[in-house]
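Have a look at the structure below before the remarks.
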Amino acid sequence: YEDYRWWWRSFFISGSSGIHLFLYSIFYFFTTLTIRQFWSTVLYFSWMIIVSYTFAIVTGTIGFLASFFFVRYIYASIKVD
C-alpha cells in the first residue's frame, strides 16, 4: 500500500537531530560548564533551544528535499503502459 505520510516522516526523522543536539547541550552543561548564576543558565538554555530548533528545521528540510527528489527520480523511471 502507499504511504502518503512519508513527507512528514522524512522531515521529522532527519529533524530529530535537533533533539539530540539539545540533549547533548544539557549533558555538556552538567559535565563541562561551570555556570553557577541563574541568568547565565537561562541565557545558555535559551540560546540552545533556538540553535537546536534552527538545526532541526534545517536538517529536516534537507532530509525532506533529499527524500522528495529521490522518490520523484524513482517514480519517473517507471514506465506505465
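Cluster membership for Ile49 and Tyr24, using ILVMFWY side-chain heavy atoms within less than 4.5 angstrom, is shared. Clustering ILVMFWY residues whenever any of their side-chain heavy atoms sit less than 4.5 angstrom apart, transitively, puts Trp39 in a cluster other than the one holding Leu33.
Between atom OG of residue Ser14 and atom CZ of residue Phe64 there is a gap of 10.0 Å, rounded to the nearest 0.5 Å.
Taking Phe30 as the reference, Ile26 meet the side chain to side chain contact (heavy atoms under 4.5 Å, CB included) condition, with sequence neighbours excluded. Applying the ring pair (Phe, Tyr, Trp, His ring centres under 6.0 Å) test to Phe11 and every residue at least two apart in sequence or in another chain returns nothing. Trp8 meets the ring pair (Phe, Tyr, Trp, His ring centres under 6.0 Å) test with Phe12; sequence neighbours excluded. Residues satisfying the side chain to side chain contact (heavy atoms under 4.5 Å, CB included) test with Ser25, not counting sequence neighbours, are Phe22, Tyr44, Met48.
The two residues Ser17 and Phe55 make their nearest non-hydrogen contact at OG-CE2, 3.4 Å.
Side-chain atoms of Ser52 never come within 3.5 Å of backbone atoms of Leu21 as a donor-acceptor pair (strictly under, hydrogens ignored).
No more than 12 heavy atoms of other residues, nucleotides or ligands sit less than 6.0 Å from atom OH of Tyr53.
Other members of a hydrophobic cluster containing Ile13 are absent, since no ILVMFWY side chain comes under 4.5 Å of it, directly or through relayed contacts.
Counting only heavy atoms from C-beta outward, the side chains of Phe27 and Thr32 never approach each other to under 4.5 Å. Between Ser67 and Trp6 the shortest side-chain heavy-atom distance falls below 4.5 Å.
The salt bridge (charged side-chain N to carboxylate O under 4.0 Å, His left out) pairs that include a residue from residues 35-45 number zero, where partners must be two or more places apart or lie in different chains.
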